[in-house]
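In what follows, chains are A, B, ... by sequence order, proteins preceding strands, each numbered from 1.
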Number of protein chains: 2
Amino acid sequence: MAQGQNRSEHTHGLLFLTDEQLRKGIEAMFFAYRGFTADPDRILAEKSYGRAHHRALHFIQRSPGTTVNNLLSTLGVTKQSLNRVLRTLIEDGLVLNKVGTNDKRQRHLSLTDAGRELEQALSNAQRDRMRSAYRQAGAEAVYGFCTVLEAMMDPDLKQHYDQLTGGDSV
Amino acid sequence: MAQGQNRSEHTHGLLFLTDEQLRKGIEAMFFAYRGFTADPDRILAEKSYGRAHHRALHFIQRSPGTTVNNLLSTLGVTKQSLNRVLRTLIEDGLVLNKVGTNDKRQRHLSLTDAGRELEQALSNAQRDRMRSAYRQAGAEAVYGFCTVLEAMMDPDLKQHYDQLTGGDSV
DNA sequence: AATAATATGTCAGTGTTGTTGACATTCCAA
DNA sequence: TTGGAATGTCAACAACACTGACATATTATT
């Protein structure tokens with residue numbers, strides 16, 4: 001195949017992209033996401049938890065004292081779905097549920113020591129793979145990686161992302 | 001925050017990475033994957049299909065005449081799980097199931113015209129977002145994006161990916 | 001020819017995670 | 001005081017993954 005046909009180029013100021021290149025990105029996302037979740041999944045399976053528990057632990061750790069509503073819109077699930085997960089985490093002593101002082105309707109969520117411990121184990125496993133991938137790829141690639149991912153997000157999800165990551169440079 | 005502390009650097013030949021940067025990548029993957037599936041999901045919902053149907057259609061389109069076993073290892077699910085999806089797609093006239101000529105135990109899968117049509121609609125929706133993200137991010141970023149994703153894959157998944165994408169340059 | 005292995009399909013049961021819809025409670029605010 | 005917001009909970013359901021067991025061709029091996 002001729003080089004020019006299969007390489008990213010700027011044509012009329014726009015990036016020229018073949019369907020093949022786009023398809024490659026789509027498949028990269030599919031296969032990479034499987035790797036992305038594989039390590040935490042193994043730990044979760046031992047404790048008979050699922051990905052939903054991981055996600056809840058992650059975002060509670062990330063924003064200690066967050067409310068249920070905030071967590072709901074971050075995760076993008078229904079409250080019934082989240083509630084099932086939260087209930088088991090609270091029963092198992094991994095998550096604390098504190099009635100708000102200002103607004104007593106709200107519940108502020110935080111991790112217990114045991115919760116932090118599991119979240120750390122899950123995060124470490126996931127970060128190890130991410131670190132290894134980053135190092136294989138190099139600093140420039142990491143910058144591109146985040147840039148494309150950010151451009152792929154829905155605007156409302158992007159807002160949650162920006163709020164969490166605080167606009168830190170990559 | 002001081003610049004040097006929060007920027008990717010090479011230290012002793014290794015990329016220096018803070019937990020914060022790794023966490024950012026993890027969250028970027030989470031939020032971006034939601035965007036990645038959002039558009040096809042809307043089309044699938046109308047036809048009362050799910051993501052599993054999309055994945056099957058995608059990889060059959062990608063490797064016409066592929067066998068059930070090959071599709072199984074690409075998708076990484078059990079044959080019972082795939083069979084449920086394949087059966088509905090065959091019944092609905094989207095997928096063809098042809099007995100092998102060499103080995104009559106095998107079934108060779110391919111798309112019908114209707115199958116190609118739906119796969120195109122799903123792919124177009126997904127590619128549109130990918131194209132838009134690529135163009136926002138630029139050619140260099142796209143290269144980095146794929147590089148990091150490839151480094152994140154499990155080796156056995158990477159093999160499937162390489163086989164499909166055929167080592168084309170990004 | 002008999003036997004083992006392979007490729008596929010199917011049935012039954014189970015678990016996680018998502019959905020709707022309905023309803024109760026508590027509390028803030030107009 | 002009334003309306004709405006935040007939360008929790010119950011029930012039913014669907015998608016999609018899993019395991020285990022079993023059936024049926026077909027091919028490979030001995």
Checklist line | Distance-only donor-acceptor test, Lys79(B) side-chain atoms vs dT8(C) base atoms, 3.5 Å | finding: yes

Check: Side-chain donor or acceptor of Arg105(B) under 3.5 Å from a matching atom on the base of dA25(D)?
Finding: no

Next item on the list: Locate the shortest heavy-atom distance separating Ser110(B) from Gly65(B); write the atom from each residue and the value.
Entry: CB-N, 4.3 Å

Margin query: Please report the distance, rounded to the nearest Å, between NE2 in His108(B) and C1' in dA7(C).
Written below: 11 Å

Item checked: Base dG13(C) to side chain Gln80(B), donor-acceptor N/O within 3.5 Å cut-off -> no

Next item on the list: Using whole Å, report how far CG of Leu75(A) lies from P of dT7(D).
Entry: 13 Å

Notebook entry, point to check: Taking the side chain as C-beta and beyond, is there a heavy-atom pair between Leu109(B) and Asn97(B) under 4.5 Å?
Noted result: yes

Note to self: Does a side-chain N or O of Thr78(B) approach OP1 or OP2 of dA17(D) to a distance below 4.0 Å, or not?
What the structure shows: no

Checklist line | Selection: residues 35-74 of chain B, any non-hydrogen atom under 4.0 Å of DNA chain C | finding: Thr67(B), Val68(B), Asn69(B)

Note to self: Do Thr88(B) and Asp92(B) pair up side chain to side chain, a donor and an acceptor below 3.5 Å, judged on atom types alone?
What the structure shows: no

Check: Counting N and O atoms only, with roles assigned by atom type, does the side chain of Ser81(B) sit under 3.5 Å from a partner on the main chain of Thr78(B), one being a donor and the other an acceptor?
Finding: no

Check: Looking just at side-chain N and O atoms, do Tyr161(B) and Glu27(A) make a donor-acceptor pair shorter than 3.5 Å?
Finding: no

Note to self: Distance check needed: dA25(D) C1' versus Arg107(B) CZ, whole Å only.
What the structure shows: 8 Å

Margin query: Minimum heavy-atom separation for Ala121(B) and Ile43(B), please, with both atom names.
Written below: O-CD1, 3.6 Å

Note to self: Using a 4.0 Å cut-off on heavy atoms, which residues in residues 82-90 of chain B reach DNA chain C? List them by number, or say none.
What the structure shows: Asn83(B), Arg87(B)

Checklist line | Parallel, tilted or perpendicular, as decided by the 30° and 60° cut-offs, for the rings of His54(B) and His58(B) | finding: perpendicular

Next item on the list: With the side chain counted from C-beta on, respond yes when His160(B) and Phe31(A) share a heavy-atom pair under 4.5 Å apart, and no when they do not.
Entry: yes

Checklist line | Protein-nucleotide distance (Arg34(B), atom CZ; dT17(C), atom C1'), rounded to Å | finding: 14 Å

Note to self: Measure NZ/Lys104(B) against C1'/dT6(C) and give the value in whole Å, please.
What the structure shows: 16 Å

Check: So, is Asn102(B) close to the dT27(D) phosphate, meaning a side-chain N or O under 4.0 Å from OP1 or OP2?
Finding: no

Check: Any side-chain donor-acceptor pair under 3.5 Å between Gln21(A) and Arg127(B)?
Finding: no

